[in-house]
Amino acid sequence: MKLTIENLSKTYPNGVQALKNVSFTIGKGMFGLLGPNGAGKSTLMRIIATLTEADSGTVTLGDINVLQDKHAVRKVLGYLPQEFGVYPRVKPPELLNHLAILKGVTNKGERKDLIDALLERVNLQEHRKKAISSFSGGMKQRFGIAQALIGNPQLIIVDEPTAGLDPGERNRFYNLLADIGENVIVILSTHIVQDVKELCSNMAIINRGELLFAGKPGDALHDLNGMIWEKSIDKKEMEHYQTQYQLISNKLVSGRPVIHIYSDTHPGNDFQAVPADLEDVFFSKVLL
Ligand code: ADP
Ligand code: MG
């Protein structure tokens, strides 16, 4: 099954053009949709999840016309929204039970087995008696995955699932997603390059509603071969380098800025050529 997005556009009533003629195709496996805040990621996810109307364009999932046949999409979709609230005292089995009924799992015994299997899968069995509202960020997101998996979805959409997780929680979450992504389409939207680096075999970059890249991370890296140059500078020199070069990133290393610039010829001035990494790809697409 493939998800094909063609010439998709969306302008909100306030005039913000959130998607501008976006086209790309997503196959089985983990797909990373990378973009800074405000890029249009959630808008795109919500359109695919049939929660927001597009203005024009088409989206096709296998032979389902996503924008028209919403009911058919919902039957094969698992969706973890960017933010989800829960009632204060609800515990995981209760909420999963409720959501399973909504998804059409009518047999009580079947629901019980399903809930056990899901809690096992996301490693929340030992927390099944606690209120979800008392969960840590990582536990909440794992619960979010459990509910998204009800009904064996063919398409799973997770919108910024790692924002706010600490490194340990993030790692556990990565392992869970990697495990799920083997047989279905998983779209992971994120502004965190590491998410895509560690998980995704295919990716797209969007910014200000526009598609800047779609393909394999390795191809994007290859395109930047020989174009990325690094130098450690003094803080007070930053402005100079910002105006003189195409600066794409700066990191502090032991308190000193280490900058990456984009240049198709040797920039001189003690810059060293370095292999591009995915952050260079992201920032060069978004900034240049
Ligand atoms: P992202 O998820 O990449 O941060 P969004 O899709 O949430 O981006 O937002 C894209 C743009 O659309 C932003 O400029 C945002 O302010 C605007 N936007 C999002 N939702 C709405 C809405 N319901 N009404 C008006 N503008 C919106
Ligand atoms: Mg968003």
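When a ligand or atom number is given, it counts from 1 through the structure's own listing order. As a basis for the values below, the full set of heavy atoms in this structure was taken, side chains included, without hydrogen atoms, waters or symmetry mates.
No cation-pi contact links Lys285 to Phe283, judged by a cut-off of 6.0 Å to the six-membered ring centre and 45° from its axis.
For ligand 1, the polar-atom distance check against Gln82 finds no nitrogen or oxygen pair separated by under 3.5 Å. Of the N or O atoms in Val16, none lie within a sub-3.5 Å distance of an N or O in ligand 1. Considering backbone and side-chain N/O of Ala18, none are found under 3.5 Å from N/O of ligand 1.
Look at Ser42 and the Mg ion (ligand 2): an N/O/S atom of the residue is under 2.8 Å from the metal. Counting backbone and side-chain atoms alike, Gln82 contributes an N/O/S atom closer than 2.8 Å to the Mg ion (ligand 2).
Contact annotation for atom 16 (O) of ligand 1: protein absent (non-hydrogen atoms, distance under 4.0 Å).
For the residues Leu34, Thr43, Leu33, the heavy atom positioned nearest atom 9 (O) of ligand 1 is part of Thr43. For atom 10 (C) of ligand 1, the candidate residues are Gly38, Ser42, Gly209; the nearest heavy-atom contact is made by Gly38.
Under the 4.0 Å criterion applied to side-chain N and carboxylate O atoms, Glu53 and Lys70 are assigned as salt-bridge partners. Contact check on Arg256 versus Asp234 returns a salt bridge, with a Lys/Arg side-chain nitrogen under 4.0 Å from an Asp/Glu carboxylate oxygen. Of the charged side-chain nitrogens involved, at least one lies within less than 4.0 Å of a carboxylate oxygen, so that Asp116 and Lys112 count as a salt-bridged pair. Between Asp179 and Arg121 a salt bridge is recorded (basic side-chain N to carboxylate O distance below 4.0 Å).
The single protein non-hydrogen atom nearest to atom 8 (O) of ligand 1 is Gly40 N, 3.1 Å, given as residue, atom name and distance. Looking only at protein heavy atoms, the nearest one to atom 18 (N) of ligand 1 is Tyr12 CE1, 3.4 Å. Summary of contacts: the protein heavy atom closest to atom 25 (C) of ligand 1 is Asn14 ND2, 3.2 Å.
Residue-environment remark: CG (Asn107) exceeds the threshold of 12 foreign heavy atoms within 6.0 Å. With a 6.0 Å radius and a threshold of 12 heavy atoms from other residues, nucleotides or ligands, Asn152 has its CG atom at or below the threshold.
Listed by atom number, the atoms of ligand 1 under 4.0 Å from Asn37 heavy atoms are 4 (O). Residue contact check: Pro36 has heavy atoms under 4.0 Å from atoms 3 (O) of ligand 1.
For the pairing with Phe271, the ring pair (Phe, Tyr, Trp, His ring centres under 6.0 Å) check across Tyr262, Tyr245, Trp229 returns one residue only, Tyr245.
Here the two rings, on Phe282 and Phe213, have centers that are 6.0 Å apart or farther.
No part of Ser189 comes within 4.0 Å of ligand 1, judged by heavy-atom distances.
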